[in-house]
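Before any comments, here is the structure.
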Amino acid sequence: MALSVLSVASEAYPLVKTGGLGDVVGALPAALAPHGVDVTTFLPGYPRVLAALEDSGAPLHRWPDLLGAPAQLLEGELAGHRLLVLDAPGYFAREGGPYGDPAGRDWDDNWRRFAAFARAAADVAGGAVAGERHDVLHAHDWQSGLAPAYLRFAPPAEDAPRTVMTIHNIAFQGRYDVGIFASLALPAHAFAVDGVEYYGGVGYLKAGLESADAITTVSPTYAREILSPDFGMGLEGLIRTRQRRVSGIVNGIDTAVWSPAADTSLPARYDATTLGRRAANKRAVEQAFALDPGDGPIFCVVSRLTWQKGMDVLADAIPALVERGGRLALLGSGDAWLEQAFRDAAERFPGQVGVRLGYDEALSHLLQAGSDAILIPSRFEPCGLTQLYGLAYGCVPVVARTGGLADTVIHANAAALAAGVATGIQFDTVTYESLAGAIALATDLYADAARWEQIQRAGMAADFSWATSGRRYAQLYRELLAA
Ligand code: ADP
């Protein structure tokens with residue numbers, strides 16, 4: 001019989017996405033189906049999610065008072081797989097993003113919104129909803145972190161499901177003041193060092209990591225890095241204590257969405273044997289970003305504009321990039337000072353630097369299909385997806401050697417080039433010097449067209465589909481159930 005998993009997350013592509021979390025959660029059901037795992041995705045009922053539910057029928061369950069507001073459970077479909085939605089207007093019927101208002105300020109009651117969401121998830125997976133029962137509850141990031149804790153400290157029935165907590169980014173922890181504890185409807189003993197207590201307050205991700213039967217993160221290197229204070233960000237001690245339960249499973253990419261030969265959003269589709277067709281996409285990038293036409297390399301960026309992503313160092317390196325004959329097309333949104341820095345750069349280097357501030361899914365595809373290289377100077381990167389899209393699209397990744405970036409890109413040193421296995425460029429520290437050095441190396445390699453194509457083709461041949469990672473998640477669930 002198929003194993004049943006409730007995948008609990010605050011985002012799932014194509015309904016809600018602010019970053020890689022959405023892509024991964026959206027792809028998991030199809031990735032796991034071939035391995036005998038039925039994934040039901042559980043999402044908050046944001047307006048966009050409710051709008052996508054077609055005729056969802058009668059609610060499967062009602063909570064008259066879910067931590068302070070009424071809620072009901074609706075059923076729908078997510079790309080052919082089962083979707084459950086927590087319809088709780090008091091928490092989720094708001095204009096803005098999943099976590100904040102239209103101006104980008106976090107909602108004050110995020111602690112209550114995602115506690116209610118997690119409580120409902122524990123009820124759904126744990127047998128409180130008639131007809132509903134799951135073998136495993138798989139929680140993603142802090143927004144779902146309390147779900148394993150509810151199952152541990154306040155299970156709705158005996159024989160609770162097994163739980164997995166996946167860290168997509170340990171920097172976001174859901175840390176709140178101790179004052180909220182009384183409103184979480186957890187027993188007093190849950191407020192303990194090995195429970196939900198975190199530096200005197202309440203930690204949602206911490207609670208999940210402490211309570212889950214297994215912990216995963218999204219690359220083997222990041223799984224090691226978070227054992228150290230620089231990367232663990234306060235949770236390194238806990239991770240070390242529970243290290244036996246931690247594993248790193250690298251994200252795959254959804255090839256139904258990200259495949260240059262089938263991508264209908266592109267001016268020109270292509271594969272590894274028809275790389276010449278990328279030229280039409282490059283012209284389209286030039287137009288979209290008001291870049292001077294030319295044969296030199298176009299570097300692109302598709303990113304949140306934050307310190308984590310090394311965007312401050314990138315801004316500093318723009319003059320060096322232009323000096324080497326490169327052009328830059330940047331798509332991103334984030335911190336105001338970084339947005340301003342890139343606006344300034346576009347003004348200073350018209351025709352060489354083009355900037356689009358905002359979020360644009362179609363443009364992100366065009367950039368991967370028409371740029372020559374993608375710059376990813378992250379200070380830390382749990383997995384990273386844009387380098388995987390770059391590899392699949394022949395847009396050579398230039399990346400910092402950290403986390404999933406270290407695990408997925410093969411650096412073009414002399415030996416790797418000679419062996420024909422290089423897929424990109426890595427650099428060690430996120431400093432101006434090393435990034436400028438990596439850009440210089442990229443422009444040198446680009447100047448040798450045959451060599452560059454070899455790197456592109458090696459990247460396109462690499463398999464980052466979900467096949468391997470889907471199998472590993474399925475194996476993990478089975479091990480937990482057998483234990
Ligand atoms: P993170 O989740 O830390 O932001 P990832 O590399 O794992 O980083 O995933 C980022 C995802 O968001 C990718 O799918 C990327 O293409 C997308 N993305 C980031 N910024 C933008 C943007 N401004 N417009 C469109 N897509 C974006």
Side-chain angles (χ1 to χ4, degrees), residues 9-28 97-99 104 140-143 166-172 217-219 221-222 231 233 248-260 263 265-266 285 288-289 300-311 314 328-335 338-339 342-343 354-371 374-393 395 397-400 402-409 424 464 469:
S10 56
E11 306 184 13
Y13 179 86
L15 295 178
V16 218
K17 164 175 167 181
T18 70
L21 171 69
D23 282 346
V24 173
V25 173
L28 274 181
Y99 317 117
H140 302 271
D141 274 355
W142 73 266
Q143 297 87 349
T166 293
I167 306 166
H168 295 264
N169 193 336
I170 213 167
F172 303 113
T217 186
V218 287
S219 70
T221 295
Y222 194 61
F231 291 89
M233 303 191 174
I249 303 178
V250 87
N251 290 331
I253 67 175
D254 189 340
T255 46
V257 182
W258 290 95
S259 170
D263 192 330
S265 72
L266 303 179
V285 169
F289 287 82
C300 75
V301 170
V302 180
S303 184
R304 291 186 285 119
L305 304 179
T306 63
W307 181 87
Q308 175 200 336
K309 301 288 182 181
M311 287 295 124
L314 180 83
L328 176 69
L330 177 140
L331 168 65
S333 63
D335 296 350
L338 287 168
E339 293 193 350
F342 291 118
R343 258 191 230 110
V355 170
R356 291 279 280 266
L357 299 175
Y359 196 91
D360 187 331
E361 194 75 25
L363 198 53
S364 75
H365 284 241
L366 177 65
L367 280 170
Q368 299 278 13
S371 311
I374 180 162
L375 296 172
I376 315 177
S378 304
R379 289 189 166 88
F380 62 95
E381 194 60 78
C383 178
L385 288 172
T386 54
Q387 86 281 13
L388 301 182
Y389 301 146
L391 291 168
Y393 277 62
C395 181
V398 178
V399 306
T402 186
L405 300 172
D407 290 339
T408 56
V409 174
F464 287 104
S469 302

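Any value given below was found using the heavy atoms of this structure, including those in side chains, with hydrogens, waters and symmetry copies removed. Ligands are counted one by one from 1 in listed order, and the atoms in each one are counted from 1 as well.
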[X] side chain to [Y] backbone, donor-acceptor under 3.5 Å:
X	Y	answer
Q308	F380	yes
S10	Q143	no
T221	A406	no

Contact check, G384 vs ligand 1, heavy-atom distance below 4.0 Å: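 G384: in contact with ligand 1 (<4.0 Å).
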Any G22 heavy atom less than 4.0 Å to ligand 1: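 No.
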Does any N or O of ligand 1 fall below 3.5 Å from an N or O anywhere on [X], backbone included?
X	value
L21	no
V302	no
L385	yes
N169	no
D23	yes
K309	yes

Between S303 and ligand 1, which residue portion shows a heavy-atom distance shorter than 4.0 Å: side chain, backbone, both, or neither? backbone
Nearest 0.5 Å, please: how far is CZ in F464 from OG1 in T255?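 Taking OG1 in T255 and CZ in F464, the distance rounds to 13.5 Å.
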For atom 22 (C) of ligand 1, which candidate among W258, Y359, Y13, F172 provides the closest heavy atom? Y359
Given E361, R304, Q387, H168, identify the one with the heavy atom nearest to atom 4 (O) of ligand 1. R304
Check whether the ring centres of W142 and F172 lie less than 6.0 Å apart, and answer yes or no.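 Ring centroids of W142 and F172 are no less than 6.0 Å from each other.
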For [atom], find the nearest protein heavy atom and state the residue, atom name and distance (0.1 Å precision).
atom	answer
atom 10 (C) of ligand 1	G20 N, 3.6 Å
atom 24 (N) of ligand 1	D360 N, 3.0 Å
atom 23 (N) of ligand 1	G358 O, 2.8 Å
atom 15 (C) of ligand 1	T386 CG2, 3.5 Å

So, do [X] and [Y] sit near enough that their side-chain heavy atoms are less than 4.5 Å apart?
X	Y	result
D23	L385	yes
P377	K309	no
I374	V301	no

Evaluate the ring planes of Y389 and W258, with Trp represented by its six-membered ring, and classify them as parallel (under 30°), tilted (30 to 60°) or perpendicular (over 60°). parallel
Sequence neighbours excluded, the answer for side-chain contact (heavy atoms from CB on, under 4.5 Å) partners of D263 is S265, L266, H365, Y393
